[in-house]
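As C-alpha cells, the structure follows; a few thoughts come after it.
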Amino acid sequence: MKVTQPLVDHIIKQDEKYGYEILQDQLSAKAKVHKSKREQHSNAASTLKDTLPPSLAHAMDLSQEKGASTWLSVLPLEEYGFALHKGAFRDALALRYGWSPANAPLNCACGTHFSIEHVLSCPKGGYPSIRHNEIRDLTAALLLEVCHNVRLSPQRLSVKPGCHENEKKRKYDKRIREVEHASFTPLILSCTGGLGPQATTSYKHLASLLSAKWNQAYSLTIMWLRCRLAYSLL
C-alpha cells in the first residue's frame, strides 16, 4: 500500500500527468519497505542464532558471507562448470552446514576423529591442498587473460588454520618485499566461498579487467567469478 499509494492518489484525482515527483515518492516508499523488511529479517536471524548450538551458529555466519551462497542461486550449467552430481551436491550442503557427509570415515588420515572442521584443515588428509590448488589454478588462468609473467607457487604456504590477512602479511610480506622486490596480497577465502577484504578488492579489480577484455558487463563478470570461486571450493 505504501508503494502504490501515490499512484492511487493520482488515479483518484484523474490526473493524466505521471510526474517525476510521484515516481520519486514511489521509489522512496519502496526503499523504506525494503529497509524495513531487511531489519525484520536481520532481527529474526539474530533471535534464531541465539538459540542455536555454537557449531550451527558458526555455520550460519559462514553461509551469510558474501559469495558463500552464489553456487546455490545459479543455473547448474555444465558448460560453465556450475553442475554438481547428486552426491557432490549433498556433500556440498553438508560442508555448508557442518553436517557429516554420508559414508564418511570414522577417522581422518592422521588418526583424529573425523569432523568437517578438522578434515578441512588437516594437511594429511589433502583437502586443504586440493582446494588451495583449485583456487590457485583458476586465479592464474584468469590473470593470464589480462596480465603477463604469471607464475604459480609450487606448494601451499604453510599457515595455521583460520589464519587471517594480517597474520599472513606479517609472515610473508617483509621477505617478499625485501628479497623478491614484489608486493604481497593475501587471498583469504573461507571454506564456503566468502572472501577476505583484500581478496575482495583483488578479485573485483580482476573482474574489471576481464569485463573490459571480454566486452561484458562488470556485474555479470563479477557474478561469474564469484560462482567459479565457490564451485572451486566445493
Side-chain angles (χ1 to χ4, degrees), residues 1-77 80-84 88-99 116-117 162 164-165 188-208 211 216-234:
M1 287 295 292
K2 293 180 181 179
V3 176
T4 59
Q5 191 59 49
L7 184 58
V8 171
D9 294 340
H10 205 61
I11 293 173
I12 293 174
K13 293 179 182 177
Q14 291 294 292
D15 192 345
E16 297 180 0
K17 295 181 180 180
Y18 185 71
Y20 177 78
E21 296 78 7
I22 297 176
L23 177 61
Q24 289 302 305
D25 289 343
Q26 284 189 285
L27 292 176
S28 176
K30 189 174 182 180
K32 290 180 181 178
V33 170
H34 285 170
K35 181 180 179 181
S36 176
K37 285 186 176 180
R38 283 196 299 269
E39 291 176 350
Q40 291 177 10
H41 292 161
S42 178
N43 293 336
S46 298
T47 303
L48 175 62
K49 184 180 175 182
D50 293 338
T51 65
L52 298 176
S55 59
L56 192 54
H58 180 61
M60 184 176 174
D61 287 336
L62 291 177
S63 66
Q64 291 177 327
E65 291 180 338
K66 191 168 186 177
S69 301
T70 51
W71 67 277
L72 287 169
S73 59
V74 297
L75 294 175
L77 301 176
Y80 299 105
F82 296 158
L84 294 174
F89 184 79
R90 288 175 176 172
D91 289 345
L93 287 179
L95 293 175
R96 178 180 174 86
Y97 295 111
W99 303 332
I116 293 298
E117 184 176 358
H164 297 295
E165 291 178 342
I188 304 294
L189 288 81
S190 70
C191 294
T192 54
L195 303 178
Q198 294 196 37
T200 299
T201 301
S202 299
Y203 282 116
K204 280 183 176 180
H205 183 58
L206 177 57
S208 178
S211 66
Q216 179 176 274
Y218 170 79
S219 59
L220 296 177
T221 306
I222 190 65
M223 176 58 74
W224 174 86
L225 180 53
R226 283 180 178 144
C227 289
R228 288 293 289 114
L229 291 171
Y231 272 90
S232 295
L233 289 169
L234 295 178

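The backbone N or O of Ala207 lies less than 3.5 Å from a partner atom in the side chain of Ser211, making a donor-acceptor pair. Distance alone, capped at 3.5 Å, is enough to place a donor-acceptor pair between the Thr47 side chain and the Asn43 backbone.
Applying the side-chain contact (heavy atoms from CB on, under 4.5 Å) criterion to Ser202, with sequence neighbours excluded, gives Thr185, Leu187. Listed by chain and residue number, Ser69 satisfy the side-chain hydrogen bond (donor to acceptor under 3.5 Å, both in side chains) test with Arg96 (two or more places apart in sequence, or in another chain). Every residue two or more places apart in sequence or in another chain was checked for a ring-ring contact (aromatic ring centres under 6.0 Å, His included) with Tyr218, and none qualifies. Residues passing the side-chain contact (heavy atoms from CB on, under 4.5 Å) test with Leu75 are Leu77, sequence neighbours excluded. Ala44 pairs by the side-chain contact (heavy atoms from CB on, under 4.5 Å) definition with nothing, not counting sequence neighbours. Taking the ring-ring contact (aromatic ring centres under 6.0 Å, His included) definition, one finds that Tyr203 meets it with nothing, sequence neighbours left out. Every residue two or more places apart in sequence or in another chain that forms a side-chain contact (heavy atoms from CB on, under 4.5 Å) with Ala88 is listed here: Leu84, His85. Every side-chain hydrogen bond (donor to acceptor under 3.5 Å, both in side chains) that Thr221 has, sequence neighbours left out, goes to Gln216.
Within 6.0 Å of atom CE in Met60, more than 12 heavy atoms from other residues, nucleotides or ligands are found, so the atom counts as buried in its surroundings.
Residue pairs that meet the salt bridge (Lys or Arg N to Asp or Glu O under 4.0 Å) test with at least one member in residues 32-45, sequence neighbours left out, do not exist here. Residue pairs that meet the salt bridge (Lys or Arg N to Asp or Glu O under 4.0 Å) test with at least one member in residues 48-59, sequence neighbours left out, are Lys49-Asp61.
Between the CD1 atom in Ile222 and the OG1 atom in Thr70 there is a gap of 10.5 Å [rounded to 0.5 Å]. Taken to the nearest 0.5 Å, the OG atom of Ser73 stands 10.0 Å off from the CZ atom of Phe82.
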Please determine whether side-chain contact (heavy atoms from CB on, under 4.5 Å) holds for the pair Phe89 and Leu72, giving the CA-CA distance in whole Å, both sets of side-chain angles, and the decisive distance to 0.1 Å. CA-CA 10 Å; Phe89 184 79; Leu72 287 169; 4.2 Å; yes
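Residues Leu195 and Ile188 are not in side-chain contact: their nearest non-hydrogen atoms beyond the backbone lie 4.5 Å or more apart.
Between Trp71 and Tyr231 the shortest heavy-atom distance is O-OH, 3.2 Å.
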